[in-house]
2 protein chains.
Amino acid sequence: MAVSEATAKRRVTATDVAAVAGVSRATVGFVLNRTRGQTISEGTRERVLEAALRLGYRPNSAAQALASGRSRIVLFVLPDWPVEYSFRIYLDEASRVLDEAGYSLVTYTRRPHGETRPLWELLTPDSVFGFTSFSPDEIASMRGCGIRRIFPDPARQEPLDLSLAVSAGPRLQVEHLYEHGRRQLAYAAFADPLPSSLVQARHDAARERAHSLDLPPVDIRYIDYRDGSADDAVRAWHGAGVTGVVAFNDDVAAAVVSAAIRIGIRIPDDLAVIGHDDSPIATMFVPALSTVRFDTATLGRGFAEYAINQTEGRPLPDWRPPVSAILVRREST
Amino acid sequence: MAVSEATAKRRVTATDVAAVAGVSRATVGFVLNRTRGQTISEGTRERVLEAALRLGYRPNSAAQALASGRSRIVLFVLPDWPVEYSFRIYLDEASRVLDEAGYSLVTYTRRPHGETRPLWELLTPDSVFGFTSFSPDEIASMRGCGIRRIFPDPARQEPLDLSLAVSAGPRLQVEHLYEHGRRQLAYAAFADPLPSSLVQARHDAARERAHSLDLPPVDIRYIDYRDGSADDAVRAWHGAGVTGVVAFNDDVAAAVVSAAIRIGIRIPDDLAVIGHDDSPIATMFVPALSTVRFDTATLGRGFAEYAINQTEGRPLPDWRPPVSAILVRREST
DNA sequence: CTGAAAGCGCTTACAG
DNA sequence: CTGAAAGCGCTTACAG
């Protein structure tokens, strides 16, 4: 009666648990946090655990954060553009592994308008990971609220690129077209200005691979599927003798293929097109799109491992993202 | 020198600001929080503001949350299935409006495996909103860590469905096919078990609208674009004289259209197909897909308004989500 | 093996 | 108009 009344009125605290278990508040903390270096008798441990369970005790995380100086939050800042389809699997895996290590992964999409107070100030995460790099202002804001571990951190020349498989996909795309006899290649970029750094990086990788295969220069054009740019690009490429198109992603590949169909260019005979990501559209499109897939679950686990070690201050010197790109051949090549 | 040394060593606190401004810590709080009912002289106000700016003071949110009992976080629990494309715009708008009111919107995707500690226990948000309803266990967990405002809350028979425009889209889809002379309709559902409640709700809305138009019963089939189910469905429908297909979303519509094309059924002459969401695939698909679009920005603002009022304990009695569905006619109908 | 106590950095009545 | 002080619920040396 007294207990249920208290439960209804206010939140159960460690003091309540201590009272029921007949120990001090400190001991409650030691048991529940499995504090290392403390030895607790089995009887005490059981009494505390039992009392905590019975009262439905949930530690107050704000108090924990304030007292310990750690929030057990890992913040992952996503870019302001729609991330590829498979990225959800990546995040799910990363989240699961971090959770096992006692951390929560919170994702945060930067808003175009800029908040009064960015999310990292409100959450004060133990570490912040960015899909792309941070601006000096952002770094200053994070440092200002006590966040010590920021990646990628420009000051440290951090080698890791969290967009991870930047070059593996484009390389595979080029190799695939090459193996099927295509020599004059073009790159279909994404006109949306937001993911421009990723577009740039993928294009660079494709161009370099083409160069190393002694192929002629790769013409790049920016495709916006809402206007006629795909038609223009396909016409221009067709006139210039292009026989293979490397697309930034499956959406762009679909736009190129659909423009070609409308114009009357045969896919893949006249023009082979390869996408990137193996998103649902690649399966459903007619013709189905050849593309490149990643083992995103493994990548997610890899990121989590990296994040945990960085957050706890023991970086893995030789760590590399476990990238594995797989070619998926369908009808467009 | 002394200041920059201190800055480097530890975080700037209200005590530092108070010392520099020559006031008490309480006054710093009053100024920075614009505490109502406190009158602060202009001179003091300016000194505090100036000192805070100069020192780069950021309030410690854990301490604020602990002392005030409010975290200023609104948690939005998303379902475990890929939300429709346009939902990002919805979230962006909602986030922006909440931010203006001093709240941060954190989104959280339930993980299939279940965490050791769900995110609401770690963040202790002031309120939690679910896209779908919560299980009794989840409700208990939230209540246990002191979260008072939960929506939808089964105990209150909360009328609001946060998936919002559940029936408006399907109704419009059916009406569109009806207006173009289609009488024998079918519903193409999404085979993925995860969004089943949404599939069910949309199908119900479509069936009811068809019924109210005196149309014959709507046959429902579950489409998985990774197997042959679309082919089977299209064949069966064709044999049964179906002339119009209402699809759960654009992905499913694309799968149906592509199956029809492969089989040799003409779109839209033999079979009209309408999607839902106006996602990019609807534009890019050949033929381009007719679909239904929502004014998601307005919906997002509407949700934010609702959330702010609920969070601050003054529910709007007559509030309705500002749903406006628009028909987008393309080539598939 | 366990407890008393200081401290984390705020907010908020309460005095003056 | 402003300050001294209690309190939020934890963690963590430090004693014993």
Side-chain angles (χ1 to χ4, degrees), chain A residues 6 9-19 21-48 51-52 55-72 102 117 121-124 126 144-146, chain B residues 6 9-19 21-48 51-52 55-72 102 117 121-124 126 144-146:
Chain A
K9 286 239 179 305
R10 50 167 197 73
R11 192 166 168 180
V12 177
T13 70
T15 307
D16 302 325
V17 176
V23 298
S24 73
R25 285 163 46 204
T27 303
V28 172
F30 294 149
V31 171
L32 263 35
N33 298 335
R34 296 183 196 80
T35 309
R36 296 177 64 84
Q38 285 290 141
T39 36
I40 300 283
S41 69
E42 190 52 31
T44 305
R45 214 181 76 85
E46 275 174 13
R47 284 210 313 287
V48 170
L55 296 177
Y57 171 62
R58 322 267 166 170
N60 180 319
S61 50
Q64 287 184 311
L66 180 59
S68 70
R70 290 174 306 127
S71 63
R72 309 221 61 113
R117 196 174 173 186
E121 293 193 7
L122 194 63
L123 302 184
T124 333
D126 294 338
C145 54
Chain B
K9 284 240 179 303
R10 52 167 195 71
R11 192 167 167 180
V12 177
T13 71
T15 308
D16 301 325
V17 176
V23 298
S24 73
R25 285 163 46 206
T27 304
V28 172
F30 295 147
V31 171
L32 263 35
N33 300 334
R34 297 183 196 80
T35 309
R36 298 176 64 83
Q38 286 290 142
T39 36
I40 301 283
S41 68
E42 190 52 30
T44 304
R45 214 182 77 84
E46 274 175 14
R47 283 211 313 286
V48 169
L55 295 177
Y57 170 62
R58 322 267 168 169
N60 179 319
S61 50
Q64 286 183 311
L66 180 59
S68 71
R70 291 174 304 128
S71 63
R72 307 224 60 115
R117 196 176 174 187
E121 293 194 8
L122 194 64
L123 301 184
T124 333
D126 294 337
C145 55

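By convention in this document, chain letters (A, B, ...) are assigned in the order of the sequence lines, proteins followed by strands, and residues within each chain are numbered from 1.
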Would the distance check show the side chain of B:R70 and the main-chain N or O of B:D126 forming a donor-acceptor pair, the cut-off being under 3.5 Å?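 No: the side chain of B:R70 does not pair with the backbone of B:D126.
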
Please check if the side chain of B:R58 supplies one atom and the backbone of B:R11 the other of a donor-acceptor pair under 3.5 Å.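 No: the side chain of B:R58 does not pair with the backbone of B:R11.
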
Nearest-nucleotide wise, let me know which of B:A67 and B:S24 is further upstream toward the 5' end of DNA chain D.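 Its nearest nucleotide lies further toward 5', so the answer is B:S24.
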
Return the CG to CG distance between B:L123 and A:L123, rounded to the nearest 0.5 Å.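 Going from CG on B:L123 over to CG on A:L123, the span is 6.0 Å.
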
Nearest whole angstrom, please: distance from the [atom2] of [N] to the [atom1] of [X].
{"X": "B:Q64", "N": "C:dC8", "atom1": "CD", "atom2": "P", "value": "17 Å"}
{"X": "A:E42", "N": "C:dC1", "atom1": "CD", "atom2": "P", "value": "11 Å"}
{"X": "B:N33", "N": "C:dA13", "atom1": "CG", "atom2": "P", "value": "13 Å"}
{"X": "B:R11", "N": "C:dC8", "atom1": "CZ", "atom2": "C1'", "value": "11 Å"}
{"X": "B:R70", "N": "C:dT12", "atom1": "CZ", "atom2": "P", "value": "6 Å"}
{"X": "A:L66", "N": "C:dA6", "atom1": "CG", "atom2": "P", "value": "17 Å"}
{"X": "B:R58", "N": "C:dC10", "atom1": "CZ", "atom2": "C1'", "value": "17 Å"}
{"X": "A:R47", "N": "C:dC1", "atom1": "CZ", "atom2": "P", "value": "14 Å"}

Does [N] have OP1 or OP2 sitting under 4.0 Å from an N or O in the side chain of [X]?
{"X": "A:S41", "N": "C:dT2", "answer": "yes"}
{"X": "B:T44", "N": "D:dT2", "answer": "yes"}
{"X": "A:T13", "N": "D:dG9", "answer": "no"}
{"X": "B:N60", "N": "C:dC8", "answer": "no"}

Under 4.0 Å, heavy atoms only, any strand: does B:A26 hit a base, just the sugar-phosphate, or nothing?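 Result for B:A26 = base.
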
Measure from the side chain of B:R25, starting at C-beta and using heavy atoms only, and say which of C:dC10, D:dG9, D:dT12 lies closest.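 Shortest atom-to-atom distance from the side chain points to C:dC10.
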
Specify the residue among A:A63 and B:F30 whose closest nucleotide of DNA chain C lies further upstream toward the 5′ end.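 That would be A:A63.
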
Is it the case that the side chains of B:T124 and A:S61 hold a donor-acceptor pair, with the cut-off being a distance below 3.5 Å and no angle test?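 Judged by distance alone, the side chains do pair up.
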
My understanding is that a pair needs two contacts under 3.5 Å, Watson-Crick or G-U wobble. By that rule, which nucleotide pairs with C:dC14?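 Paired with C:dC14, as far as the under-3.5 Å criterion goes, is D:dG3.
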
Before you tell me yes or no, could you show the steps for B:V28 and B:V23 under side chain to side chain contact (heavy atoms under 4.5 Å, CB included), namely the whole-Å CA-CA distance, both residues' side-chain angles and the distance that decides it to 0.1 Å? CA-CA 7 Å; B:V28 172; B:V23 298; 3.9 Å; yes

